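Note that these values count all heavy atoms, side chains included, but never hydrogens, waters or copies made by symmetry. Every value quoted in this text rests on a predicted model; they were computed, and no experiment measured them.
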Amino acid sequence: MTVTFTTPARAATGARRGTRAESRRTDGTAVRVLVVDDEASLAELLSLALRYEGWTVRSAGDGATALRAAREFRPDVVLLDVMLPDVDGLSLLGSLRRELPGVPVLFLTAKDAVEDRIAGLTAGGDDHVTKPFSVEEVVARLRGLIRRSDAVQARSGSLLTVGDLTLDEDSHEVTRGGVSIHLTATEFELLRYLMRNPRRVLSKAQILDRVWSYDFGGQANVVELYISYLRRKIDAGRSPMIHTRRGAGYLLKPGE
């Protein structure tokens with residue numbers, strides 16, 4: 001599995017936001033996530049995506065390393081692959097539970113049979129995601145586990161607002177001037193990236209790295225295509241918000 005995922009700067013200067021749906025520990029520090037997967041490229045992809053959410057991440061490629069990391073890192077939630085080179089993930093869960101009683105665990109599994117899901121839940125897992133999966137789904141499921149954890153305090157609200165355009169990161173609802181706008185998953189992710197960086201010119205390369213989590217081999221025209229889709233839905237019949245800076249990229253700012 002060959003994937004790339006470059007994390008952009010988290011700054012969103014100028015955006016008016018509700019309190020982020022990102023959670024912090026009760027001591028005010030960032031949530032800690034332990035990623036356990038022996039596929040290095042996948043572990044790196046997940047780690048970068050989770051750091052983009054503002055979380056602190058440690059990764060491990062086998063059970064022994066994961067157990068040491070759990071003792072030292074004391075994660076608030078664990079993302080655990082069922083198939084590891086030295087130990088079965090279900091067995092490792094028991095050891096993790098002894099070190100960290102009650103820590104939420106999200107299983108990654110290549111098996112989608114009902115009995116496999118039941119086995120994971122019976123072993124003490126809190127949820128599971130079947131490969132192949134979207135990074136967005138993993139993040140959403142981890143957020144849910146974190147919100148239910150006693151170790152953290154979840155902050156309410158998840159709104160991004162630029163001008164009369166509003167995006168809810170939890171419900172995936174988008175409105176402009178109070179009118180609901182339906183977006184596909186990719187259009188939503190592209191708009192979210194633009195809204196997290198209002199008035200900032202984003203290059204095609206930056207957008208590709210953030211929105212598409214694999215290498216397009218230079219096919220940056222996919223960015224142009226999806227920008228055109230967004231314009232039809234966001235700007236149609238309204239003051240334009242999405243602008244092109246020739247030779248530089250795209251930016252989003254309030255309509256005039």
Side-chain angles (χ1 to χ4, degrees), residues 1-7 22-27 29-152 213-215:
M1 179 178 179
T2 303
V3 292
T4 61
F5 191 100
T6 301
T7 306
E22 140 190 310
S23 302
R24 300 192 73 80
R25 308 174 83 208
T26 53
D27 62 3
T29 59
V31 166
R32 298 176 183 177
V33 185
L34 176 60
V35 176
V36 186
D37 197 301
D38 63 329
E39 193 172 350
S41 60
L42 179 57
E44 179 65 12
L45 165 67
L46 290 167
S47 296
L48 288 171
L50 299 180
R51 290 189 184 105
Y52 182 63
E53 293 301 314
W55 301 334
T56 301
V57 184
R58 181 83 60 88
S59 62
D62 56 64
T65 304
L67 201 52
R68 286 196 300 272
R71 292 182 183 128
E72 299 168 2
F73 184 53
R74 313 302 292 181
D76 300 302
V77 65
V78 178
L79 188 56
L80 177 59
D81 190 3
V82 171
M83 304 295 291
L84 295 171
D86 60 340
V87 66
D88 181 270
L90 299 179
S91 302
L92 176 61
L93 176 58
S95 300
L96 289 172
R97 288 279 194 230
R98 285 190 289 274
E99 289 291 332
L100 301 165
V103 65
V105 174
L106 174 63
F107 274 121
L108 298 177
T109 176
K111 302 176 182 179
D112 196 27
V114 173
E115 57 268 26
D116 293 313
R117 283 180 278 171
I118 292 175
L121 295 174
T122 302
D126 298 278
D127 199 355
H128 88 285
V129 175
T130 304
K131 297 178 181 180
F133 52 78
S134 71
V135 172
E136 188 69 25
E137 179 184 8
V138 172
V139 170
R141 289 179 182 268
L142 286 174
R143 281 179 181 162
L145 293 179
I146 289 168
R147 279 196 294 267
R148 297 195 294 270
S149 172
D150 293 335
V152 299
S213 56
Y214 54 91
D215 187 1

**Study point:** Residue pair V77, L106: steps toward the side-chain contact (heavy atoms from CB on, under 4.5 Å) verdict
**Key:** CA-CA 8 Å; V77 65; L106 174 63; 5.6 Å; no

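In this structure, the side chains of L45 and V135 come closer than 4.5 Å at one or more pairs of heavy atoms. Two residues are said to be in side-chain contact when any heavy atoms from C-beta on lie closer than 4.5 Å; L108 and V129 meet this criterion. Under the 4.5 Å side-chain criterion, counting only non-hydrogen atoms from C-beta, D76 is not in contact with W55. E53 has its side chain out of reach of V31: every pair of non-hydrogen atoms, C-beta onward, lies at least 4.5 Å apart.
Residue F73 comes nearest to V57 through the heavy atom pair CZ-C, 4.1 Å, listed as atom of the first residue, atom of the second, then distance. Across all their heavy atoms, L96 and A70 have their closest contact at CD2-CB, 3.6 Å. The two residues P75 and L100 have their closest heavy-atom pair at CD-CD1, 3.5 Å. The shortest heavy-atom contact between G54 and A30 is O-CB, 3.4 Å. Taking all atoms of both residues into account, the shortest heavy-atom contact from L92 to A66 is CD2-CB, 4.1 Å. Across every non-hydrogen atom of S47 and S59, the tightest pair is OG-CB, 4.0 Å.
Formation of a donor-acceptor pair under 3.5 Å by the D37 side chain with backbone atoms of L42 is not found in this model.
For residues 54-64, the salt bridge (Lys or Arg N to Asp or Glu O under 4.0 Å) pairs, not counting sequence neighbours, are R58-E72.
Rounded to the nearest 0.5 angstrom, T56 OG1 and L34 CG are separated by 12.5 Å. Here I146 contributes atom CD1 and R141 contributes atom CZ; the two are 14.0 Å apart, rounded to the nearest 0.5 Å. The OG atom of S41 sits 9.5 Å away from the CG atom of L46 when rounded to the nearest 0.5 Å.
Scored by the side chain to side chain contact (heavy atoms under 4.5 Å, CB included) test, E99 finds L67, R71, R74 as partners (sequence neighbours excluded). In this structure R68 satisfies the salt bridge (Lys or Arg N to Asp or Glu O under 4.0 Å) test with no other residue, sequence neighbours excluded.
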